[in-house]
Structure formats: C-alpha cells, structure tokens
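All heavy atoms count here, side chains included; hydrogens, waters and symmetry mates do not.
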Amino acid sequence: MARAFLFVLDSFGIGGAADAERYGDTGSNTFGHIAGACAEGRADREGLRKGPLFVPNMLSLGLGQAAKTATGFCFGSGGKALLASAFHGAAQEVSSGKDTPSGHWEIAALPVRFDWGYFPDTVPAFPAELTEAIIREGKVPGILGNCHAPGTEIIERYGEEHVRTGKPICYTSVDSVLQIAAHEVHFGLERLYEFCKVVRRLVDPLNIGRVIARPFIGETAASFERTHNRRDYSVPPPEPTLLDRLTARGSRVIAVGKIGDIFAHRGISDVRKAAGNMAMFDKALGAMDEAGDGDLVFANFVDFDTEFGHRRDVAGYAAALEAFDRRLPDALARLRPGDLLILTADHGNDPTWHGTDHTRERIPVIGTGPGFGGDIGLRATFADIGETVAEHLGLARGRHGTSFYAEIGGHA
C-alpha cells in the first residue's frame with residue numbers, strides 16, 4: 001500500500017533564497033531568526049512560552065540539517081537523535097512571486113513561469129475602471145480602503161464605517177491579491193462570498209492570483225475580530241498539477257485547510273476545514289486514517305502565516321511551532337509500510353523582518369516513512385517534492401521537477 005501525506009507549514013521558510021535580493025529579502029530567515037530570538041529571550045511571553053525554541057520532533061526529521069543545507073545555520077538537536085528513517089534537505093523556488101499559489105503549485109509539480117498581476121502601492125491602488133465595475137456589478141454603494149494595508153489594521157480603520165454604510169473594505173498587498181473584508185452579520189457571509197466571485201471575474205484580465213474573502217465580527221474598532229470563514233478564490237492552474245494527475249487515475253486527494261481554494265478546487269476529491277492549526281491537525285489525522293492505496297492527504301497549516309508571520313509576532317510564531325511539534329508523534333504513529341510523510345513550506349514570512357509581507361526564502365523538505373532515509377541536499381525547485389510524491393504513488397514522470405525518491409530509498 002502506497003500513501004502520501006504532504007503537510008505545509010505555511011510560511012515556515014529557512015532563508016537563503018538565491019534570488020532574495022530581487023524581492024528585497026536578502027538576509028530574511030523565518031526559522032533562523034525565530035530560533036535566534038528564542039535563544040536570546042526575545043520570544044518569551046508570560047503564559048505563552050519561554051526559552052530556546054523547542055521542536056525536538058521536527059529536529060528528529062532533519063529540520064536542523066535542512067537549515068544548514070539552506071544557509072549554513074546550525075541549530076542544536078534538541079536532545080533528540082535523527083530518526084534512521086528521516087530524510088532532509090531544502091528547496092529553492094523558481095516560480096515568480098513569493099505567495100501562496102506560486103509556492104503550492106510548484107510543490108505540486110507546476111512552477112509558475114509567468115508574472116502575476118499586481119496593484120501599485122498608491123492611493124487609490126485599483127484602476128478606476130475596476131473600482132467602478134466592482135461597485136456596479138457587485139451592487140454595493142461604494143468601497144472602502146482601496147490601498148495596500150495589513151488586514152487587521154484596515155478593519156480597525158474602516159470597520160465601523162463599513163457597518164454603517166454597507167461598503168465593503170477592499171485592499172491589497174505586495175502579493176497578487178485583492179482582499180475583501182466584510183462583517184459576517186451586517187454585510188452577510190454568503191453575500192461576501194458572492195461578491196468575491198464577482199470580483200474574481202473582474203480581476204481575471206489583470207492576472208490577479210487570488211481574491212480573498214476576509215469576514216469579521218464585532219461591533220466596534222476595539223472588538224472587531226477576523227473569523228476562520230476566510231475563503232480564497234484563485235485562478236486555476238494553467239496545466240495539470242500532481243493533484244489532477246492523481247484524481248485522473250482514480251486516486252483520492254484529501255485537501256485539509258485552504259488547499260482546495262489554492263487549486264481552485266481542481267484535482268480535489270474531498271475538503272476538510274477547521275479553525276486553527278490544532279483543529280486542522282485533527283482533520284489531517286482523520287484524513288490519514290481514511291486514506292487508501294494511492295491516495296494523497298495534502299494539508300496546509302495557515303496560522304503560522306496569517307496569525308503570526310504577517311503580524312510580526314515572534315513569540316506567537318515560536319509557540320505555534322512548538323505546539324505543532326508536540327502533535328507530530330500523533331502523525332508518525334499512523335504511518336504504515338508504504339507511507340511517505342513530507343513536511344515543507346510554501347514561502348517565508350520572517351516575523352523579525354520589516355513590513356508585514358511574505359519573504360523570499362528556501363523551504364525545508366523533511367520527512368519519514370518506513371524504509372526511507374537520507375540527505376537530499378538542496379533541490380533546484382519545489383517541484384521535486386511533487387515529482388517524488390508522484391513516483392511514490394506510481395504516477396508517470398511529469399514535465400517539471402526531478403524526483404528524489406531513489407535517493408531516500410524508494411524502490412530499494
């Protein structure tokens with residue numbers, strides 16, 4: 001029985017991207033800088049966490065070796081030896097951008113070779129004809145925002161006016177995205193989703209990667225809070241991904257978290273969502289229990305990115321890593337002969353970095369499974385991950401990426 005489990009720690013980069021300078025991110029290192037802050041006591045928070053970063057289970061899968069491969073950064077073993085069945089390495093992104101679709105599509109063996117469309121960091125950020133079309137076809141009295149902004153900040157700034165006027169809050173960032181915040185009750189959650197579908201169609205000619213619904217609750221600026229009913233409306237991948245190849249031959253792809261949205265629900269058999277990383281981990285474990293021969297469980301743990309990376313919360317990010325690490329034994333205990341588990345990331349989001357945006361970084365590629373093990377070195381593209389999963393699950397070789405399956409003991 002061959003099954004595969006692909007867990008993406010959203011934004012958990014490990015630095016060292018060869019093209020980081022192009023993105024203004026030279027020196028960024030999500031893992032390295034979090035670890036350094038913890039070691040120096042700068043990530044201590046009363047009632048949350050204290051001391052050096054403690055992720056022994058990920059270290060036993062080779063996280064320390066992956067970091068050294070990416071940048072030369074040395075991190076202690078955490079007192080736990082490397083598993084004999086662990087494999088480890090790092091991967092460099094070749095796709096344009098440093099956002100979620102680019103990273104995930106490349107992981108699924110489809111690098112993004114085109115340039116996304118972006119909105120300028122001006123006020124207003126959106127072309128006048130687009131704004132007019134959004135108001136007209138979305139049937140709203142106007143929009144608020146129309147600028148680059150962090151999500152929580154813009155809700156605090158415009159939330160009360162939004163509730164009063166019914167105008168949705170529309171904003172963007174350095175990513176190829178148009179985000180829309182609206183109140184779940186006063187505007188309506190389903191109305192927000194329908195409005196986003198209209199906007200998705202309107203931004204297609206601009207090659208915008210995602211339109212994101214950002215619902216929130218509360219009655220005043222002091223009490224507004226985003227909910228976990230976020231929904232991403234992505235453009236579909238331009239070629240078949242690993243997911244399409246699997247479902248086409250009859251295998252199941254169980255998507256946990258926002259994976260379904262990222263791939264425009266193409267190549268997806270089943271979607272499991274939950275609020276928060278730990279609830280998401282429960283969903284992933286349930287999917288592992290249900291997966292059959294030839295199936296893939298593809299999970300995204302988004303809190304690292306949305307709750308801590310973008311908010312530049314070093315202590316929160318460190319605590320989330322430690323909480324995830326404590327749950328890893330639950331996943332490892334479910335592995336059977338023929339199983340392959342890979343932990344990776346889609347980009348960086350260094351919480352010590354300037355601004356609030358993603359950072360261009362290499363990613364860890366660590367994992368395990370009965371009979372596996374080894375050093376895969378630095379991979380030239382994230383697509384090597386997808387091609388390795390493809391080979392493990394018995395698919396023919398795809399057009400992008402090179403499998404490292406034989407290097408970790410596959411078909412031995």
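Contact record, E391 with S403: OE1-OG, 2.6 Å, taken as the closest heavy-atom pair. Scanning all heavy atoms of the two residues, the minimum distance from V314 to I34 falls at CG1-CA, 4.4 Å. Residues S95 and Y23 share a closest heavy-atom pair of O-OH, 4.0 Å. Summarising the geometry of I259 relative to I268, their closest heavy-atom pair is CG2-CD1, 4.2 Å, with the distance given to 0.1 Å. The shortest heavy-atom contact between T165 and P141 is O-CG, 3.5 Å. Counting all heavy atoms, side chain and backbone alike, S11 lies closest to D305 at CB-OD1, 3.4 Å.
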- Message: Evaluate R334 against D330 for salt bridge (Lys or Arg N to Asp or Glu O under 4.0 Å), listing each step before the verdict.
- Response: CA-CA 7 Å; R334 284 168 164 78; D330 294 336; 5.2 Å; no

- Query: Given E290 and R272, is the salt bridge (Lys or Arg N to Asp or Glu O under 4.0 Å) satisfied, shown in steps?
  - Reply: CA-CA 12 Å; E290 294 178 28; R272 314 281 174 86; 2.8 Å; yes

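In this structure, Y317 and F308 have tilted ring planes: the angle between them lies in the 30° to 60° band. The aromatic rings of F263 and W105 are tilted relative to each other, their planes meeting at an angle between 30° and 60°. Between F119 and F126, the two ring planes are perpendicular [angle over 60°; tilted spans 30° to 60°]. The aromatic rings of F87 and F404 are tilted relative to each other, their planes meeting at an angle between 30° and 60°.
Put simply, the side chain of D346 never gets that close to the backbone of G103: no donor and acceptor are under 3.5 Å apart. No side-chain donor-acceptor contact under 3.5 Å links T71 to the backbone of G16. Between the side chain of D232 and the backbone N or O of S234, no donor-acceptor pair lies under 3.5 Å. A donor-acceptor contact shorter than 3.5 Å links the side chain of N207 to the backbone of D115. E184 contributes no side-chain N or O that, together with a main-chain N or O of P215, makes up a donor-acceptor pair within less than 3.5 Å.
With a 6.0 Å radius and a threshold of 12 heavy atoms from other residues, nucleotides or ligands, R201 has its CZ atom above the threshold. Summarising the local packing, CD of E161 is surrounded by more than 12 heavy atoms from other residues, nucleotides or ligands at distances under 6.0 Å. Applying the 6.0 Å contact sphere to CD of E40 captures more than 12 heavy atoms from other residues, nucleotides or ligands.
Between Y171 and H148, the ring center distance fails the sub-6.0 Å criterion. In this structure, H162 has its ring center closer than 6.0 angstrom to the ring center of F216.
We find that E307 and R226 are not joined by a salt bridge, their nearest charged nitrogen and carboxylate oxygen being 4.0 Å or further apart. Under 4.0 Å is where a charged nitrogen must lie from a carboxylate oxygen, and between R136 and E132 no such pair does. With respect to R379 and E407, a salt bridge is recorded, a charged nitrogen being found less than 4.0 Å from a carboxylate O. Note on R360 versus E93: salt bridge recorded, some NZ/NE/NH1/NH2 to OD/OE distance being below 4.0 Å. Salt-bridge check for D44 with K50: failed, with every basic side-chain N at 4.0 Å or more from each acidic carboxylate O. Under the 4.0 Å criterion applied to side-chain N and carboxylate O atoms, K258 and D10 are assigned as salt-bridge partners. Checked for salt-bridge contact, E194 and R191 miss the test: no charged N lies under 4.0 Å from a carboxylate O. R210 has no carboxylate O lying under 4.0 Å from a charged side-chain N of D99, or vice versa, which leaves the two without a salt bridge.
H186 and E219 share a donor-acceptor pair across their side chains, judged by distance under 3.5 Å alone. In the model, Q65 has no side-chain atom that pairs as donor or acceptor with a side-chain atom of D375 under 3.5 Å. Side-chain contact annotation: R312 with N349, donor-acceptor N/O pair under 3.5 Å present. Side chains of H358 and D25: no donor on one and acceptor on the other come within 3.5 Å.
For the pair V256 and F5, the minimum side-chain heavy-atom distance is 4.5 Å or more. Looking at heavy atoms from C-beta onward, D261 lies out of side-chain contact with R230 at the 4.5 angstrom threshold. Between E387 and R397, the closest side-chain pair of non-hydrogen atoms falls below 4.5 Å. Side chains of Y233 and K197 form a contact here, defined as non-hydrogen atoms less than 4.5 Å apart.
Here CD1 of I14 is found 7.5 Å from CG of N29. Values are rounded to the nearest 0.5 Å.
Figure legend: R231 and Y193 shown as a cation-pi pair, the cationic atom lying under 6.0 angstrom from the six-membered ring centre and within 45 degrees of its axis.
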